[in-house]
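Here the structure is a predicted model, which means the values were calculated and not measured.
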Amino acid sequence: MAAGTAIKNVIFDMGNVLMRFDGPYFSAQFTDDEEDAAALNRALFASPVWNLLDSGTVSYDTMLRVARAHLDERLWPNLDACFAGWAKYSSPIEETNVLVRELKDSGYGVYLLSNAGTRIHEQLDHMPAWELMDGAVVSAEERMMKPDPAVYQLLCDRYGLEPAECLFVDDNADNCEGARVAGMRAVRYTGDVSAIREELAE
């Protein structure tokens, strides 16, 4: 990256940056039993197949069938309800959503780059920052995922961005490193936007 390059665009992850993603919490909304909630989480959100769903490798029907195979049949109705309705319990993270509006009002381009399934709009529909976004790339729709540098480059190519003029924000250190390999600056979000503000101030 060229020295002194000004940041013109800020690219945000969604899960645990703009919207909360908490499998144990989601699972607990669909049963009153702690052990059953833990079983639901293991079968669904904590399953390795969930990443395949985000990558676009498996369908939602396949995810559901695999999850059922790891659960007692009596929990299948809870699983079906959880799989269909968990997204409404994914709440916005206020400080980052406010930051997106501040950045937009200050003239920055703001973008979304998320490892998520094709039903991502079930969360975006109640994410305040969504209406402000200048563009978005979703892993399942592209069949490529962070931290592959190619997905960051895809976003830049699609929206005419220079990687050196982009700051990427994610809660995952590997995803931040992928952005750096792609030529961006990156900040890991750990629950405080001050680090993002400091990077922009530099």
Side-chain angles (χ1 to χ4, degrees), residues 9-27 30 39-71 79-90 92-93 96 110-127 129-130 133-159 161 163 166-184 186-189:
N9 309 287
V10 184
I11 303 165
F12 290 86
D13 174 39
M14 182 181 68
N16 289 327
V17 174
L18 292 168
M19 298 291 287
R20 299 193 188 283
F21 188 87
D22 186 338
Y25 172 76
F26 299 151
S27 300
F30 297 90
L40 284 173
N41 180 59
R42 286 194 300 271
L44 196 57
F45 304 107
S47 167
V49 183
W50 189 267
N51 284 335
L52 299 180
L53 187 69
D54 285 351
S55 72
T57 306
V58 301
S59 67
Y60 281 88
D61 286 343
T62 297
M63 177 75 251
L64 187 59
R65 287 198 299 270
V66 172
R68 283 183 173 182
H70 289 85
L71 279 175
L79 173 67
D80 291 349
C82 182
F83 195 44
W86 68 268
K88 67 184 178 183
Y89 296 100
S90 175
I93 298 174
T96 47
V110 288
Y111 296 85
L112 183 73
L113 177 55
S114 180
N115 283 353
T118 55
R119 282 168 40 186
I120 188 174
H121 284 276
E122 294 175 10
Q123 292 171 276
L124 296 179
D125 285 347
H126 55 283
M127 186 179 89
W130 175 234
M133 292 291 173
D134 295 298
V137 165
V138 178
S139 60
E141 295 174 355
E142 310 299 339
R143 300 207 170 189
M144 60 176 70
M145 295 179 72
K146 299 174 292 182
D148 184 348
V151 77
Y152 307 86
Q153 189 61 53
L154 172 66
L155 185 144
C156 289
D157 292 344
R158 181 167 295 169
Y159 297 106
L161 311 181
C166 296
L167 176 65
F168 177 69
V169 181
D170 200 298
D171 64 313
N172 181 291
D174 290 337
N175 292 343
C176 290
E177 188 56 33
R180 294 185 186 103
V181 172
M184 300 177 179
V187 173
R188 185 179 182 189
Y189 176 70

Visitor: What residue among Asp170, Val151, Asp13 forms side-chain contact (heavy atoms from CB on, under 4.5 Å) with Leu113?
Guide: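 Of Asp170, Val151, Asp13, side-chain contact (heavy atoms from CB on, under 4.5 Å) with Leu113 is met by Val151 alone.
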
Visitor: Examine Tyr25 together with Phe45 and report whether their ring centres are nearer than 6.0 Å.
Guide: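 Between Phe45 and Tyr25, which both carry aromatic rings, the centre distance is not below 6.0 Å.
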
Visitor: Provide the closest heavy-atom pair for Ala186 versus Cys176 in the form atom of the first, atom of the second, distance.
Guide: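 Shortest heavy-atom contact: CB-O, 3.5 Å.
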
Visitor: Please name the pair of heavy atoms, one in Glu122 and one in His126, separated by the smallest distance, quoted to 0.1 Å.
Guide: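 Heavy-atom minimum between the residues: O-CE1, 3.1 Å.
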
Visitor: How many angstroms lie between atom CE of Met14 and atom CG of Leu18, to the nearest 0.5 angstrom?
Guide: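 Between atom CE of Met14 and atom CG of Leu18 there are 8.5 Å.
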
Visitor: A side-chain contact here means heavy atoms from C-beta on lying under 4.5 Å apart; do Glu142 and Val137 qualify?
Guide: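 A side-chain contact exists here, since the closest heavy-atom pair is under 4.5 Å.
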
Visitor: Hey, does Leu44 have a side-chain heavy atom less than 4.5 Å from the side chain of Met63?
Guide: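 In contact.
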
Visitor: Find the distance between CG (Leu40) and NE2 (His70) and round it off to the nearest 0.5 Å.
Guide: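 Nearest 0.5 Å value for the CG-NE2 distance: 13.5 Å.
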
Visitor: Using side chain to side chain contact (heavy atoms under 4.5 Å, CB included) as the criterion, list what pairs up with Asp80, not counting sequence neighbours.
Guide: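 Counting only residues at least two positions away or on another chain, Asp80 forms a side chain to side chain contact (heavy atoms under 4.5 Å, CB included) with Leu64, Arg68.
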
Visitor: Is any side-chain heavy atom of Phe168 closer than 4.5 Å to a side-chain heavy atom of Tyr111?
Guide: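 No - every pair of side-chain heavy atoms lies 4.5 Å or more apart.
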
Visitor: Give a yes or no on whether the backbone of Met19 and the side-chain of Ser90 come within a donor-acceptor separation of less than 3.5 Å.
Guide: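 A pair under 3.5 Å: no.
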
Visitor: How many angstroms lie between CD in Gln153 and CG in Leu161, if you round to the nearest 0.5 Å?
Guide: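 Answer rounded to 0.5 Å: 9.5 Å.
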
Visitor: Can you list the residues that meet the salt bridge (Lys or Arg N to Asp or Glu O under 4.0 Å) rule with Arg180, with sequence neighbours excluded?
Guide: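 Arg180 satisfies salt bridge (Lys or Arg N to Asp or Glu O under 4.0 Å) with Glu177 once adjacent residues are dropped.
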
Visitor: Do the side chains of Arg20 and Phe26 get nearer than 4.5 Å, heavy atoms only?
Guide: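 Side-chain contact under 4.5 Å: no.
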
Visitor: Under 6.0 Å between ring centres: does that hold for Tyr60 and Phe83?
Guide: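 Yes: the rings meet the under 6.0 Å criterion.
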
Visitor: Please name the pair of heavy atoms, one in Ser27 and one in Cys82, separated by the smallest distance, quoted to 0.1 Å.
Guide: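 Smallest heavy-atom distance, with atoms named: CA-SG, 4.2 Å.
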
Visitor: Just how far is it from atom CG of Asp171 to atom CZ of Arg188, taken to the nearest 0.5 Å?
Guide: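 Reported to 0.5 Å precision, the distance equals 7.0 Å.
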
Visitor: On a heavy-atom basis, which atom in Ala140 and which in Leu53 lie closest, and how many Å separate them?
Guide: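 Heavy-atom minimum between the residues: CB-O, 3.7 Å.
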
Visitor: Look up atom CD1 in Ile93 and atom CG in Asn16, then write down how far apart they are to the nearest 0.5 Å.
Guide: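 That separation rounds to 5.5 Å.
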
Visitor: State, with a plain yes or no, whether a side-chain heavy atom of Thr62 is found less than 4.5 Å away from one of Val66.
Guide: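 Yes, at least one pair of side-chain atoms sits under 4.5 Å.
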
Visitor: Quick check against the 3.5 Å criterion: does Asn9 have a side-chain atom that pairs as donor or acceptor with the backbone of Val110?
Guide: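 No; judged by distance alone, with no hydrogens or angles, the pair does not exist.
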
Visitor: Minimum heavy-atom separation for Pro163 to Ala182, with atom names?
Guide: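 Closest pair (atom of Pro163, atom of Ala182, distance): CB-O, 3.4 Å.
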
Visitor: Any side-chain heavy atom of Tyr152 sitting closer than 4.5 Å to one from Asn175?
Guide: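 Yes, their side chains come closer than 4.5 Å.
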
Visitor: What is the distance from atom SG of Cys166 to atom CD1 of Ile11, rounded to the nearest 0.5 Å?
Guide: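 Result: 4.0 Å between the selected atoms.
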
Visitor: Hey, are the side chains of Tyr189 and Thr96 touching, using non-hydrogen atoms and a 4.5 Å cut-off?
Guide: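 Answer yes - side chains close enough.
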
Visitor: Is any side-chain heavy atom of Arg143 closer than 4.5 Å to a side-chain heavy atom of Thr57?
Guide: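 They are not in side-chain contact.
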
Visitor: For Gln123 and Ala87, which heavy atoms make the closest approach, and how far apart are they?
Guide: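 Gln123 and Ala87 have their closest heavy atoms at CG-CB, 3.9 Å.
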
